[in-house]
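Chain A is the first sequence line, chain B the second, and so forth, proteins listed ahead of strands; every chain is numbered from 1.
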Number of protein chains: 2
Amino acid sequence: MPQVSISDAEWQVMNVVWEGQPLTAQEIVAKLAQESEWAPPTIKTMLHRLVKKQVLTYESQGNRYVYRSFVRRSECIRQASRSFLARVFEGDPAPLVAHFLRSSKLSAQEIAELRKILDEQEAQS
Amino acid sequence: MPQVSISDAEWQVMNVVWEGQPLTAQEIVAKLAQESEWAPPTIKTMLHRLVKKQVLTYESQGNRYVYRSFVRRSECIRQASRSFLARVFEGDPAPLVAHFLRSSKLSAQEIAELRKILDEQEAQS
DNA sequence: TGTAAATAGTTACAACTGTAAACGATGTCA
DNA sequence: TGACATCGTTTACAGTTGTAACTATTTACA
């Protein structure tokens, strides 16, 4: 994996793509119109840059482009998470998790899920 | 709080400052020399920018500058965490926490701590 | 008290980001 | 088949970031 670095705005675009791919440019524009104020050319520019960074690929169908992700979302999440952990929590995951647990409202079910993960982690140490 | 935005490299500097403040420029340079390849002027530039962004303040003592943080670390952590959560996990904290739990090795004690936090969260819902 | 050493300030510069206008190609309806 | 609409491409531009050389100022020793 050639060390992609996805900017803030680009993540917003990629989240849309990962959730609905393959998608045409105008579908992406339409979805993003709901959650952002970006002009269509702005979004085109980002799609372009993402292709250049090899995060996206496209094929043209007639004069439309159909976009697909080229890197897996999970891989990008891993990279971004690792860098966030290093930057803000100096690589120490426990305080990070504690921070998010304290600052979030979680449902009973989510809490149960997380307990289960903790159990698993404990079991395999 | 005037919405500070601290870059990646700047976080590295700030982590040093928060942990040892007040610190002189050369103390900061010395600490960072161990963990980075930055030339001293590079670090000076970052200190400058952080002062301009009102993340740091300094007083000059003779020809030395003594730096202190102007914003609390916890506040910066809160902001960075919120933005990371929104960007990468679309604002949904449970998958974020699950991700970090799964990808980290935690000690038995840390696991116990986290369980306690989960209990508290459950209690107050 | 002048000059070297130390320290901080100024300037620089290319890459990346956010944002979008202007331009050109393609397809479609009359 | 020509004019308009649609879509993609190119160009633009200011702000931020990473990185650091160069310059000016202060201090302290000789």
Would you please confirm or rule out a distance under 4.0 Å between OP1 or OP2 of C:dG9 and any side-chain N or O of B:H48? yes
Cluster question for you: counting only ILVMFWY and a side-chain heavy-atom cut-off of under 4.5 Å, with indirect links fine, are A:W11 and B:L96 together? yes
The reported gap from CD in B:Q26 to CD1 in B:I43 (rounded to nearest 0.5 angstrom) is 11.5 Å
From NZ of B:K52 over to P of C:dT10, roughly how many Å is that when rounded to an integer? 10 Å
Closest heavy-atom pair, B:A80 versus A:V88, reported as atoms and distance to 0.1 Å, is CB-CG2, 3.9 Å
Could you give the distance from NZ (B:K105) to CD1 (B:I111), rounded to the nearest 0.5 Å? 12.0 Å
Side-chain heavy atoms under 4.5 angstrom apart, residues restricted to Ile, Leu, Val, Met, Phe, Trp, Tyr: same cluster for A:V66 and A:Y58? no
For A:T45, report the nucleic acid contact type (base, sugar-phosphate, nothing); a contact means any heavy atom under 4.0 Å. base
Just checking B:R82: does its CZ atom have more than 12 heavy atoms from other residues, nucleotides or ligands closer to it than 6.0 angstrom? no
Can you pull out the residues from residues 9-39 of chain A that lie within a 4.0 Å heavy-atom distance of DNA chain C? A:A9, A:W38, A:A39
Atom pair distance, as rounded to whole Å: OH in A:Y67 and P in D:dC7: 12 Å
When clusters are formed by joining ILVMFWY residues with side-chain heavy atoms under 4.5 Å apart, either directly or through shared neighbours, do B:V51 and B:W18 land in the same one? yes
Quick check for you: among D:dG18, C:dT19, D:dT19, whose closest atom lies nearest to any side-chain atom of B:T42? D:dT19
CD1 of A:I43 versus P of C:dG18: gap in Å, rounded? 13 Å
Rounded to the nearest 0.5 angstrom, the CD-CD distance for A:Q12 and B:E90 is 9.0 Å
Whole Å only: how far is the CE atom of A:M46 from the P atom of D:dT9? 16 Å
Under 4.0 angstrom between B:Y65 side-chain N/O and C:dG9 OP1 or OP2: yes
Distance-only donor-acceptor test, A:R49 side-chain atoms vs C:dG18 base atoms, 3.5 Å: yes
Which of parallel (below 30°), tilted (30 to 60°) and perpendicular (above 60°) describes B:F89 and B:F84? perpendicular
Nearest 0.5 Å, what's the CZ-CG distance between B:R68 and B:L23? 9.5 Å
Taking all heavy atoms of B:P22 and all of B:E27, pick out the closest pair and write down the distance. O-OE1, 4.3 Å
What pairs of nitrogen or oxygen atoms, one from the protein and one from nucleotides 14-16 of chain C, lie under 3.5 Å apart?
none

Identify all pairs in which a protein N or O lies below 3.5 Å from an N or O of nucleotides 22-25 of chain C, and state each distance.
none

Separation of C:dT7 atom P from B:L47 atom CG, nearest Å, is 14 Å
Rounding to a whole Å, what distance do you find between B:K44:NZ and D:dG18:C1'? 17 Å
